Amino acid sequence: MMIPETDQTVAEAATSVDAEMRHEAGAYYKRPLTIVRGLGATVWDDAGRSYIDCVGGIAVANVGHANPHVVAALSAQAGTIMSCPEMFHNDVRARYLTRLAAVLPPAMDRIFLTNSGTEAIETAIKAARLSTGRAGIVATMRGFHGRTFGALSATWDPHYRQPFGPLVPGFRHVRFNDIASLEQAIDDTVAAVIIEPVQGEGGVYPADPEYLRSAAHLCQQHGALLIFDEIQTGFGRTGRLWAHEHVGEDGAATVTPDLLCLAKGIAGGVPMGAVGFGMRVAAFPPGLHGSTFGGNPLACAAGLAVLDEIAEQELVRRSAKMGARLRAGLEALMPEHPLIRAVRGQGLLIGIELRERVQPYLERLTALGVLAMTAGSLVIRLVPPLVITEEQVDAVIAACAEALR
Ligand SMILES: *Cc1c(COP(=O)(O)O)cnc(C)c1O
């Protein structure tokens with residue numbers, strides 16, 4: 001590759017692209033873009049160009065990039081202690097567990113801490129099997145739960161699953177939002193049903209409130225546990241702290257899961273996950289499950305700062321408000337933009353379904369200064385930091401109007 005001698009930045013860019021291409025294991029489609037810095041809902045590339053970041057680290061940067069509160073908590077904790085496995089007590093972990101438990105659904109007061117979403121799912125599946133003495137797991141078509149073997153067995157997309165068999169036995173998939181097929185699938189061999197309250201990766205499909213209520217009822221009836229995968233939808237993403245809180249909005253009954261899986265936005269970008277255990281779930285006997293990094297004080301410090309920021313900056317309300325603005329703006333484009341088949345979502349988890357593959361349109365958006373991602377081949381997924389401003393939302397709408405013409 002030619003490296004212009006005069007332009008240091010371009011030279012560095014060429015170097016980092018080359019180095020990554022040479023050493024990565026090949027698992028990712030990579031965009032020809034080197035992101036070097038972020039602030040709030042903006043990121044910059046190595047040539048100094050700014051972008052409105054509707055990828056947000058894949059729904060991770062809820063409190064914004066380089067959030068000063070998170071930065072301060074992390075640097076203070078890094079200079080105090082980072083590693084303290086769960087065989088010891090730790091003051092920061094104790095504070096974090098107390099704070100997280102306070103915002104979990106009622107009567108969900110035990111928590112297992114992990115380092116990622118897929119590990120939270122593994123933990124929930126193990127807890128469900130241990131608790132019920134049963135093996136069956138019912139998951140949904142189009143569902144995404146991660147890529148380790150247990151989580152992958154719950155994930156739907158055959159493209160992710162097929163090359164890696166045999167997967168974990170006992171899993172089956174039913175049609176999403178279809179109460180009848182859930183009824184058929186749940187019997188007394190089922191340990192748990194696992195559902196995303198809004199399917200993210202699968203195309204941004206919110207669950208019907210009645211579907212989630214039926215799932216809870218059927219689980220109760222058959223002694224199975226209900227797992228909500230809120231890894232993507234948690235921490236204010238959908239305009240509620242937890243997406244399943246939308247269920248009560250129609251005035252009918254609310255729904256509480258037995259196991260709640262969290263990750264992504266939990267710690268402002270520091271790898272972390274968590275599983276909340278409800279009253280119907282047995283605790284793990286000591287020694288049966290664990291994690292070297294799980295519950296480390298660095299992640300817990302970041303997690304505390306995130307909970308503070310969500311409360312102090314009123315980010316849940318902001319997510320609802322900015323999400324409504326973004327969605328209304330995108331819906332208003334539809335009459336003039338026949339390419340758009342549908343606009344779906346909740347809060348700042350928004351999908352724009354096109355009548356064609358979205359890839360070229362993502363490139364156009366990038367050229368217009370907006371980073372977005374896919375949710376399947378036909379859906380553009382927008383998951384910006386919840387701190388995104390009104391002006392930025394309007395700029396995203398304008399960019400979509402231009403790019404989807
Ligand atoms: C991202 C995601 C996962 C997997 O989380 P990782 O941290 O990538 O392992 C699981 N479930 C849902 C709904 C997700 O969005």
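None of these values were measured; they are calculated from a predicted model. Basis for what follows: all heavy atoms, side chains included, without hydrogens, waters or symmetry-related copies. Order of appearance sets the numbers: ligands from 1, and atoms from 1 within every ligand.
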Review point. Hey, is the main chain of A401 close enough, under 3.5 Å, to the side chain of H337 for a donor-acceptor pair?
Key: yes

Check your understanding: Would a search of protein heavy atoms around atom 7 (O) of ligand 1 find one under 4.0 Å away?
Key -> yes

**Study point:** Within-cut-off N or O pair, F144 and ligand 1, under 3.5 Å
**Key:** yes

Exercise for review: Taking the six-membered ring for Trp and the single ring otherwise, decide whether the centroids of F164 and F149 are under 6.0 Å apart.
Suggested key: no

Review point. Please state which protein non-hydrogen atom is closest to atom 15 (O) of ligand 1 and give its distance, to 0.1 Å?
Key: K264 NZ, 2.6 Å

Practice item. Run the ring-centre check on F235 versus W242 and record whether the distance is less than 6.0 Å. Key: yes

**Study point:** R142 to W156 six-membered ring, cation-pi geometry met (6.0 Å, 45°)
**Key:** no

**Study point:** Protein heavy atom at shortest distance from atom 5 (O) of ligand 1
**Key:** G117 CA, 3.3 Å

Exercise for review: Could you find the nearest protein heavy atom to atom 9 (O) of ligand 1 and give me its residue, atom name and distance?
Suggested key: T118 N, 2.8 Å

Exercise for review: Give the contacting part of E196 toward ligand 1: side chain, backbone, both or neither, where contact means a heavy-atom distance below 4.0 Å.
Suggested key: side chain

Revision key, fill the gap. re atom 11 (N) of ligand 1, the protein heavy-atom contact at minimum distance is D229 OD2, 2.7 Å

Check your understanding: Salt bridge between E331 and R327, side-chain N to carboxylate O under 4.0 Å?
Key -> yes

Review point. Salt bridge between E24 and K30, side-chain N to carboxylate O under 4.0 Å?
Key: yes

Review point. Quick one: which ligand 1 atoms are inside 4.0 Å of a heavy atom on Q232?
Key: 15 (O)

